[in-house]
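Numbers restart at 1 for each chain; the letters A, B, ... are given by sequence-line order, proteins then strands.
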There are 2 protein chains.
Amino acid sequence: MSNTLTTKTAVTCENCNLDTLCLPNGLQRTEIGALGQLVKRDNIRRKGEIIYHVGSSFRGIIALRSGSAKLVSIDSNGNEIVVNFILPGELLGFDGLALQTHQCTAIALETLSFCHLSAHYLDSSAIDTAFLNQALLQRASDQFDSQVQKMMLIRRPAEERVASFILKISERLKARGYSALEFRLTMSREEIGNYLGLAHETVSRIINHFQALQMIEVKSRQLKIINKKKLLGFYEE
Amino acid sequence: MSNTLTTKTAVTCENCNLDTLCLPNGLQRTEIGALGQLVKRDNIRRKGEIIYHVGSSFRGIIALRSGSAKLVSIDSNGNEIVVNFILPGELLGFDGLALQTHQCTAIALETLSFCHLSAHYLDSSAIDTAFLNQALLQRASDQFDSQVQKMMLIRRPAEERVASFILKISERLKARGYSALEFRLTMSREEIGNYLGLAHETVSRIINHFQALQMIEVKSRQLKIINKKKLLGFYEE
DNA sequence: CGACGCTTTGAGGAGATTCAAGACACGTGG
DNA sequence: CCACGTGTCTTGAATCTCCTCAAAGCGTCG
């Protein structure tokens with residue numbers, strides 16, 4: 001692994017800059033080292049390519065190292081809904097845990113790289129599984145909490161949903177070391193609308209309305225937050 | 001525990017009639033016995049009483065033995081939404097797992113009883129925690145899957161949501177040994193509407209519309225499914 | 001048996017969708 | 001480097017679904 005052609009030095013869990021966000025968070029130093037042995041790195045996908053497909057057997061938990069992805073669910077009529085967007089440092093794959101078969105499809109929104117913690121080791125005792133299981137359980141529950149939060153958001157008026165969406169993306173990017181106030185959306189209006197339960201025209205209208213109100217500046221997918229308080233005010237009244 | 005005043009013999013995990021639905025499902029006989037030692041039984045709540053409250057510290061996973069409950073989430077503005085309804089044999093409490101603090105409130109819809117697997121033992125090694133952790137992980141993931149399913153449902157037209165709701169309750173009751181075609185709803189129209197993202201008047205209208213179409217028979221909360229195919233047809237076109 | 005809460009039913013209105021068309025951005029090839 | 005084409009984004013107008021408000025009917029429980 002150390003003789004790659006990249007200019008970077010080999011990345012392990014021990015020196016990964018996402019370690020505080022990713023699964024190792026909370027593990028002992030030695031355990032992180034052990035975990036590092038079990039992880040497959042340097043997986044790459046390009047825009048539109050699939051990370052895993054609905055119905056495929058669960059192969060493990062995935063940690064996004066760079067780039068972004070969307071998690072979509074498809075019902076029996078072929079309706080596709082965006083369950084979540086995944087940013088660097090975030091985990092992916094919990095939809096395959098319960099039934100050992102993925103219930104969703106994960107698709108790259110841009111070029112991305114990810115690490116892969118093989119399912120084989122999730123129930124083996126290669127490392128202190130008690131702690132790892134605990135961590136996984138927490139992450140899985142966290143996914144549940146997020147869905148509940150999203151459910152609450154979907155009940156709110158369209159403008160609140162969009163305001164909240166912008167602010168949440170901002171927060172998540174900030175937590176990962178990116179600018180909180182100026183960033184590029186990697187998903188289309190259509191995908192945002194699908195995620196928020198709105199038509200893409202509605203999303204577009206509201207985003208431009210926010211711009212007219214001096215809350216944000218938008219140019220296509222480039223977004224700049226001008227007045228965070230006003231945005232917050234939309235759903236904290 | 002065996003010297004209770006009830007007429008039933010003492011219930012343990014080993015002789016509980018919900019064993020195939022509850023957590024022990026898949027455990028070894030001896031492990032079920034061990035698990036039984038850790039469970040607090042005979043907890044009772046009456047209609048409207050709280051099982052656990054949002055913000056309270058996580059004390060463990062709960063298995064509903066009889067009766068039904070609702071799981072509600074409350075946002076910063078005091079808006080209350082019904083996240084889920086819980087039927088006998090179903091598990092509860094996963095909203096407290098990630099942050100060790102409950103994110104939701106669980107409330108009895110009628111008189112109910114439940115078992116309580118103390119959180120203290122979830123990370124101790126009193127029994128084969130590898131297996132139990134695995135089981136818990138699967139249940140937690142299952143909760144996530146359910147929320148994704150619900151998310152998809154909420155995108156559908158109101159009539160589909162109600163049809164799906166009726167059929168899902170029917171299936172869940174059937175799996176627990178109750179009649180699949182005739183049952184009593186333990187929740188109000190208001191609560192159904194809240195759960196499905198509809199006004200209670202809309203729920204009422206649609207239920208009565210279904211009755212006019214000879215799909216169901218309704219008398220207040222008593223419900224009888226007359227034509228399951230027609231109901232299915234509403235969202236499987 | 002009376003009161004309260006839940007359910008039903010109707011009318012009107014608001015918010016978001018759908019349909020349609022034009023503007024813009026981006027990647028491709030000349 | 002620019003022209004072109006495709007897909008994305010914007011904007012407008014008409015429509016529709018579902019909500020809100022209002023009031024009456026029913027059921028349930030003290």
Item to check | For atom CZ of B/F210 and atom P of C/dT8, their distance in whole Å | outcome: 13 Å
Checklist entry - When you measure from the side chain of A/A158, which nucleotide among C/dA16, D/dT28, C/dT17 comes out closest? => result C/dA16
Next on the checklist: In whole Å, I'd like the distance from the CD1 atom of A/I154 to the P atom of C/dG15.
Outcome noted: 19 Å
Next on the checklist: Between C1' on C/dA25 and CG on A/L185, what's the gap in Å once rounded to a whole number?
Outcome noted: 15 Å
Checklist entry - Using a cut-off of 4.0 Å on non-hydrogen atoms, how would the nucleic acid contact of A/G193 be classed: base, sugar-phosphate, or nothing? => result nothing
Checklist entry - Side chains of A/D95 and A/H102: is there a donor and an acceptor less than 3.5 Å apart? => result yes
Next on the checklist: Over all strands shown, is A/S188 touching base, sugar-phosphate only, or nothing at heavy-atom distances under 4.0 angstrom?
Outcome noted: sugar-phosphate
Checklist entry - In whole angstroms, how far is the C1' atom of C/dA16 from the CZ atom of A/R161? => result 9 Å
Next on the checklist: Centre-to-centre under 6.0 Å for B/Y178 and B/F183, is that the case here?
Outcome noted: no
Next on the checklist: Distance alone, cut at 3.5 Å: any donor-acceptor contact between the side chains of B/T101 and B/S57?
Outcome noted: no
Item to check | Nucleotide nearest B/T202 when distance is taken to its side chain, options D/dC19, C/dT18, C/dT8 | outcome: D/dC19
Checklist entry - Out of B/V83, B/L71, B/N84, which residue meets the side chain to side chain contact (heavy atoms under 4.5 Å, CB included) rule with A/V148? => result B/V83
Checklist entry - What integer distance in Å separates A/R155:CZ from C/dG15:P? => result 19 Å
Item to check | Residue mapping more 5' on DNA chain D - nearest nucleotide basis, A/S220 or B/I206 | outcome: A/S220
Next on the checklist: On the nucleotide D/dT11, are OP1 or OP2 found under 4.0 Å from the side-chain N or O atoms that A/N208 carries?
Outcome noted: yes
Next on the checklist: Checking A/E110 against A/S68: is there a side-chain donor and acceptor pair closer than 3.5 Å?
Outcome noted: yes
Item to check | Nucleotide of D/dT10, C/dA16, D/dG27 approaching A/S204 most closely (side-chain heavy atoms) | outcome: D/dT10
Next on the checklist: Using whole Å, what does the distance between atom P of nucleotide D/dT20 and atom CD of B/E190 come to?
Outcome noted: 10 Å
Item to check | C/dT7 phosphate, OP1 or OP2, under 4.0 Å from B/R221 side-chain N/O | outcome: yes
Item to check | Side chain to side chain, A/R65 and A/C115, heavy atoms closer than 4.5 Å | outcome: yes
Item to check | Set of side-chain hydrogen bond (donor to acceptor under 3.5 Å, both in side chains) partners for A/E191, sequence neighbours left out | outcome: A/K70, A/S188
Next on the checklist: Nearest to the A/L198 side chain among D/dT10, C/dT17, C/dC26, which nucleotide is it?
Outcome noted: C/dT17
Check nucleotides 21-26 of chain D for protein N or O atoms closer than 3.5 Å to its own N or O atoms and list the pairs.
residue	atom	partner	partner atom	Å
D/dC21	N4	B/E201	OE2	2.9

Checklist outcome for this item: Atom CG of A/N194 and atom P of C/dT17 are separated, to the nearest Å, by 12 Å
Checklist entry - In whole angstrom, what separates B/R184's CZ from D/dG27's P? => result 11 Å
